[in-house]
Amino acid sequence: MIRPLKLEDITRTPECYSAWQLDAVGKWTEKLTDRTSKFPCIPAVQGFALNHLRYGFVRMAREAGAAEELAELLRSYGRQSKEFGTYTSLVVFIKDEAGLPNRQGGVEYYERLFWSLLSRTTALDSAPWPAHLPENPADCLWEFCFDGEPYFVYCGTPAHSLRRSRSFSCMLLAFTPRWVLQEFGAVPVQAEKTKKAIRRRLEAYDQVTAHPDLKLYGAEDNYEWKQYFIRDSLDSLPTCPFRRNDRKEGST
């Protein structure tokens, strides 16, 4: 059984992990603890410092079995997440295939890979879609769900360069439960202050202006799926590639 890990589960027994896994954890730690160039997402930094984050590893996203591994991690994490703390997220490191992205089109290659993996994973979800949420990504209230739990999804990749907030040494996914985001917004004055601080950090961190798709959940002109994968440029896909019934493994 694949279970979400604490950071110390990995650092205390490095002999149990491969070189790429240890490298990913090391680079993540550097990114979240850098005091000179501060990572923009303040709640993620707080979650790291408080040990609320949980971690998992998945084989190369193109491989058969990657969706099964991600589905197992999400199922296990979602059923325990409220025990981990109010700043929790599931951070998933995905093994990279050296050199392949550049041959396949860089950021857009990873974009196709991301949506393929998410669709293949949701096809393994036996739980019904939450009744209070729309199933159509074109609805402003839609968000990704697994095992009945709604999530905000973040994707970082090695192909991102200008948008450092989306750059990482391997493909990285972070799943933040909606209840965590609701807790964050429970005190409006503090939430607004933090959002402004995040935007200031983002402007300093990235080498390109904030993407126009970064809007508030529930707003009529906001679509959550557009925020899951943000390109280096200011453009985005016209329609959502997410499919709930795509069971074909290895497709990109």
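Here the side chain of D9 pairs a donor or acceptor atom with the backbone of K6 at under 3.5 angstrom. When atom types are taken as modelled, the side chain of D147 and the backbone of L74 share no donor-acceptor pair closer than 3.5 angstrom. Within the 3.5 Å criterion, the main-chain N or O of W115 finds a donor-acceptor partner in the side chain of S119. Although no hydrogens or angles enter the test, the distance criterion places a donor-acceptor pair under 3.5 Å between the side chain of E72 and the main chain of I2. The closest donor-acceptor contact from the side chain of S89 to the backbone of V91 lies at 3.5 Å or more, if one exists at all. A donor-acceptor pair is defined here as one N or O able to donate and one able to accept, closer than 3.5 Å; such a pair exists between the side chain of R163 and the backbone of T209. Counting only distance, with no hydrogens or angles, the side chain of D206 and the backbone of V208 share no donor-acceptor pair below 3.5 Å. Although no hydrogens or angles enter the test, the distance criterion places no donor-acceptor pair under 3.5 Å between the side chain of E149 and the main chain of R79. The main-chain N or O of T29 is found under 3.5 Å from a side-chain atom of T33 such that the two form a donor-acceptor pair. At least one donor-acceptor pair closer than 3.5 Å links the side chain of H211 to the backbone N or O of D235.
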Test log, rule side-chain contact (heavy atoms from CB on, under 4.5 Å), inputs R231 and S236 = CA-CA 7 Å; R231 295 178 175 179; S236 57; 5.6 Å; no
Could you go step by step and tell me if W179 and T88 meet the side-chain contact (heavy atoms from CB on, under 4.5 Å) rule?
-> CA-CA 10 Å; W179 68 263; T88 188; 3.8 Å; yes
Could you go step by step and tell me if R244 and D125 meet the side-chain contact (heavy atoms from CB on, under 4.5 Å) rule?
-> CA-CA 9 Å; R244 287 193 62 205; D125 186 5; 5.7 Å; no
CA sep, side-chain torsions, deciding dist, call: L5, R3, side-chain contact (heavy atoms from CB on, under 4.5 Å) = CA-CA 6 Å; L5 302 163; R3 63 180 180 86; 3.8 Å; yes
Please walk me through it: do R112 and S116 pass side-chain hydrogen bond (donor to acceptor under 3.5 Å, both in side chains)?
-> CA-CA 6 Å; R112 294 192 297 273; S116 170; over 6 Å; no
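Of all the heavy atoms in I94 and R59, the pair that sits closest is CG2-O, 3.4 Å. Annotation for F48 and L32: closest pair CG-CB, 4.0 Å, computed over non-hydrogen atoms. Looking at every heavy atom in both residues, P158 comes nearest to S169 through CG-O, 3.4 Å. Closest approach of D213 and N222 over heavy atoms only: O-OD1, 4.0 Å. Considering all non-hydrogen atoms of both residues, C170 and D96 come closest at CB-CB, 4.2 Å. Scanning all heavy atoms of the two residues, the minimum distance from C145 to T122 falls at O-OG1, 4.1 Å.
Classification of the Y228-F152 ring pair by plane angle, with boundaries at 30° and 60°, yields perpendicular. Aromatic ring orientation, H160 versus F229: tilted (interplanar angle from 30° to 60°). Using bins of under 30°, 30° to 60° and over 60° for the plane-to-plane angle, the ring pair F175/Y151 lands in the perpendicular bin. Using cut-offs of 30° and 60° on the angle between ring planes, the pair Y55 and F93 is parallel. In this pair, W129 and F242 present their aromatic rings tilted. The plane angle is within the 30 to 60° band.
Residues T157 and Y109 bring no donor and acceptor atom of their side chains to less than 3.5 Å of each other.
Contact annotation: the side chain of K95 never approaches that of S18 to less than 4.5 Å [non-hydrogen atoms, C-beta and beyond]. Side-chain atoms of K195 and L216, non-hydrogen and from C-beta on, do get closer than 4.5 Å to each other. Using a 4.5 Å heavy-atom threshold, the side chains of Y223 and C240 count as separate. Contact of the R54 side chain with the L73 side chain is not registered, since no non-hydrogen atoms from C-beta on lie closer than 4.5 Å. Taking the side chain as every heavy atom from C-beta outward, I10 and F57 approach each other to under 4.5 Å. The side-chain heavy atoms of W28 and L53, taken from C-beta on, include a pair separated by under 4.5 Å.
Summarising the geometry, atom CD belonging to E143 is positioned 11.0 Å from atom OG1 belonging to T176; distances are rounded to the nearest 0.5 Å. To the nearest 0.5 Å, atom NZ of residue K27 and atom CG of residue L22 are 11.0 Å apart. Rounded to the nearest 0.5 angstrom, Y205 OH and C41 SG are separated by 11.0 Å. Separating the CD atom in Q207 from the OG atom in S165 is a distance of 11.0 Å, to the nearest 0.5 Å. Atom-to-atom distance recorded for F114:CZ and L173:CG is 6.0 Å, nearest 0.5 angstrom. Note that CG of L202 and CD1 of I42 are 11.0 Å apart. Values are rounded to the nearest 0.5 Å.
Using a 4.5 Å cut-off between side-chain heavy atoms of Ile, Leu, Val, Met, Phe, Trp and Tyr, with links allowed through other members, V92 and V180 fall into different hydrophobic clusters. Criterion: ILVMFWY side-chain heavy atoms under 4.5 Å apart, direct or through other members. Under it, F184 and L50 are not part of a common hydrophobic cluster. The cluster map of Ile, Leu, Val, Met, Phe, Trp and Tyr, joined by side-chain heavy atoms under 4.5 Å apart, puts W225 and I230 in different clusters. When hydrophobic clusters are built by joining Ile, Leu, Val, Met, Phe, Trp and Tyr residues whose side-chain heavy atoms come closer than 4.5 Å, directly or via intermediates, L162 is not grouped with L172. L141 and F146 fall within the same hydrophobic cluster, where Ile, Leu, Val, Met, Phe, Trp and Tyr residues are linked whenever their side-chain heavy atoms come under 4.5 Å apart, directly or through other members.
The local environment of NZ in K38 is sparse, with at most 12 non-hydrogen atoms from other residues, nucleotides or ligands closer than 6.0 Å. Shown here is K226, whose NZ atom has more than 12 heavy atoms of other residues, nucleotides or ligands within 6.0 Å. Atom OH of Y154 has more than 12 neighbouring heavy atoms from other residues, nucleotides or ligands inside a 6.0 Å radius.
E224 and R178 are joined by a salt bridge, as a carboxylate oxygen and a charged side-chain nitrogen come within less than 4.0 angstrom of each other.
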